[in-house]
There are 2 protein chains.
Amino acid sequence: MQTEFLSILKKNNLSVTESRMKILELFAQANGALAHNDIEKKSKLQFDRVTIYRTLQTFVEKGIIHTIPTADNSVLYALCKDECTQGHHNDNHVHFICDSCNVTYCLEHSNSPSVILPKGFKQNRVDVVVSGICLKCNA
Amino acid sequence: MQTEFLSILKKNNLSVTESRMKILELFAQANGALAHNDIEKKSKLQFDRVTIYRTLQTFVEKGIIHTIPTADNSVLYALCKDECTQGHHNDNHVHFICDSCNVTYCLEHSNSPSVILPKGFKQNRVDVVVSGICLKCNA
DNA sequence: ATATTTTTGCAACATTATTGCATTTTATAT
DNA sequence: ATATAAAATGCAATAATGTTGCAAAAATAT
């Protein structure tokens, strides 16, 4: 596990630091997406707020994590799959937010459906966010 | 126009106040969605920031406007169509954010495609946000 | 082992959002 | 039309969130 995080950082030409390793670990442990605040709580007093902001920003730039749009103003982040590279995210999958437990899932195997746009509109990227009740809460 | 705003408020059992009328007007004038901050700027010094927060919140609750998810942390609001009622939004349409001019459109006639979820997940609502180049910027 | 580069923590600051309460405005009942 | 009740507003205080510069510390390269 640790070695996996290590190779992620190496692969992206990032220095291996305690905070980066820890934050990668938190994402791996989480069964869903994390907000900045979640990370802050889970790593209580371990490192500065600013470090978390900067780490998340770096990870997004490098294509290690991606942001998930939400209707409220919270910014969520989740681990990207291998196909993501710097400057190009391949997060063309559906995100699911559970109304009950509030966990956000990346549904890797539900590809975003294509949308028919009016004439003159050129599509660049599509985000699909479904909300409802997740597998666990439904049981 | 004024009478329309008035009936919207009446219909929702809301007192008719200057700020509410003005904010409805701003939404009607805008060719896209508005952020809290847009409203604050456009109504400079007319009313308090807090009033804007509260008005937006009330409008969302009543189903007069709806929020639009965005990948950055900004919260956008747009007028709902008639089918929306208190507690139930019917904003089942695609939102389009122009990467160039940053205007957000509600594409009323592009219905959100249905998404196939994994077993056990129950769908409640779908938000589709497409980004790209809009009609005006494309010309 | 040392020099260079990068990251971190701290402090200060900016922006965005929330709450309580007194005042004002709007709606209601006479 | 006026008095009363109900609701909305503005202000102040506070909280939460996000950003920047810079010195100290840690990681990498030589």
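Chain identifiers are assigned alphabetically (A, B, ...) following the order of the sequence lines, protein sequences preceding nucleic acid strands; residue numbering begins at 1 within each chain. Because the structure is a prediction, the values reported are computed rather than measured.
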Chemist: What pairs meet the ring pair (Phe, Tyr, Trp, His ring centres under 6.0 Å) rule with one or both residues in residues 114-139 of chain A, with sequence neighbours excluded?
Modeler: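 Output for this query lists A:Phe121-B:Phe96, A:Phe121-B:Tyr105.
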Chemist: Whole angstroms only, please: what is the CG-P distance between A:Leu56 and D:dT19?
Modeler: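 Interatomic distance, CG of A:Leu56 to P of D:dT19: 11 Å.
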Chemist: Do A:Arg49 and D:dG18 share a donor-acceptor pair, side chain to base, under 3.5 Å?
Modeler: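 Side chain to base: pair present.
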Chemist: Using 0.5 Å steps for rounding, measure from the CZ atom of A:Arg20 to the CG atom of A:Leu9.
Modeler: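 Taking CZ in A:Arg20 and CG in A:Leu9, the distance rounds to 7.0 Å.
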Chemist: How many Å lie between CG on B:Asn12 and P on C:dA27, as a whole number?
Modeler: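 The answer, rounded to whole Å, is 14 Å.
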Chemist: For A:Asn13 and C:dT7, what is the distance between atoms CG and P respectively, to the nearest whole Å?
Modeler: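 After rounding, the gap between these two atoms is 10 Å.
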Chemist: Provide, to the nearest angstrom, the distance between the CG atom belonging to B:Asn37 and the P atom belonging to C:dT16.
Modeler: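 After rounding, the gap between these two atoms is 5 Å.
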Chemist: With a 4.0 Å heavy-atom cut-off, tell me which residues in residues 17-30 of chain A come close to DNA chain C, sorted by residue number.
Modeler: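 Result for residues 17-30 of chain A: A:Thr17, A:Ser19, A:Arg20, sorted by number.
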Chemist: B:Glu25: which residues meet the side-chain hydrogen bond (donor to acceptor under 3.5 Å, both in side chains) condition with it, sequence neighbours left out?
Modeler: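 B:Gln29.
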Chemist: More 5' along DNA chain C: B:Ser15 or B:Val50, using each one's nearest nucleotide?
Modeler: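 Nearer the 5' end of the strand: B:Val50.
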Chemist: Do we see a donor-acceptor contact under 3.5 Å between the side chains of A:Thr55 and A:Thr51?
Modeler: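 The criterion, which ignores hydrogens and geometry beyond distance, is not satisfied for A:Thr51 and A:Thr55.
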Chemist: To the nearest Å, how far apart are A:Tyr53 OH and C:dA12 P?
Modeler: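 A:Tyr53 atom OH is separated from C:dA12 atom P by 19 Å.
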Chemist: May I have the distance from A:Ile39 (atom CD1) to D:dT17 (atom P), rounded to whole angstrom?
Modeler: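 My rounded result for the distance is 13 Å.
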Chemist: Using a distance-only criterion (donor-acceptor N/O pair, under 3.5 Å, no hydrogens), is the base of D:dG18 paired with the side chain of A:Arg54?
Modeler: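 Flag unset: no donor-acceptor pair detected.
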Chemist: Roughly how many Å is it from CD in B:Glu61 to P in D:dA7, rounded to a whole number?
Modeler: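 Between P of D:dA7 and CD of B:Glu61: 14 Å.
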Chemist: Return each pair, listed once, that meets ring pair (Phe, Tyr, Trp, His ring centres under 6.0 Å) where at least one residue sits in residues 1-27 of chain B; pairs must be two or more places apart or across chains.
Modeler: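 As it turns out, there is no ring pair (Phe, Tyr, Trp, His ring centres under 6.0 Å) pair with a partner in residues 1-27 of chain B once direct neighbours are skipped.
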Chemist: Output all residues satisfying side-chain contact (heavy atoms from CB on, under 4.5 Å) with A:Ala78, sequence neighbours left out; order by chain, then residue number.
Modeler: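 Scan of A:Ala78 (side-chain contact (heavy atoms from CB on, under 4.5 Å), adjacent residues dropped) gives A:Ala33, A:His66, A:Ile68, A:Cys106.
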Chemist: What is the distance, to the nearest angstrom, from the CG atom on A:Asp48 to the P atom on D:dT20?
Modeler: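 Taking atom P of D:dT20 as the reference, CG of A:Asp48 is at 15 Å.
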Chemist: For A:Ser43, give me all partners under side-chain contact (heavy atoms from CB on, under 4.5 Å), at least two apart in sequence or on another chain.
Modeler: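 By the side-chain contact (heavy atoms from CB on, under 4.5 Å) rule, A:Ser43 matches A:Leu26, A:Ile39, A:Gln46, A:Phe47, A:Ile52.
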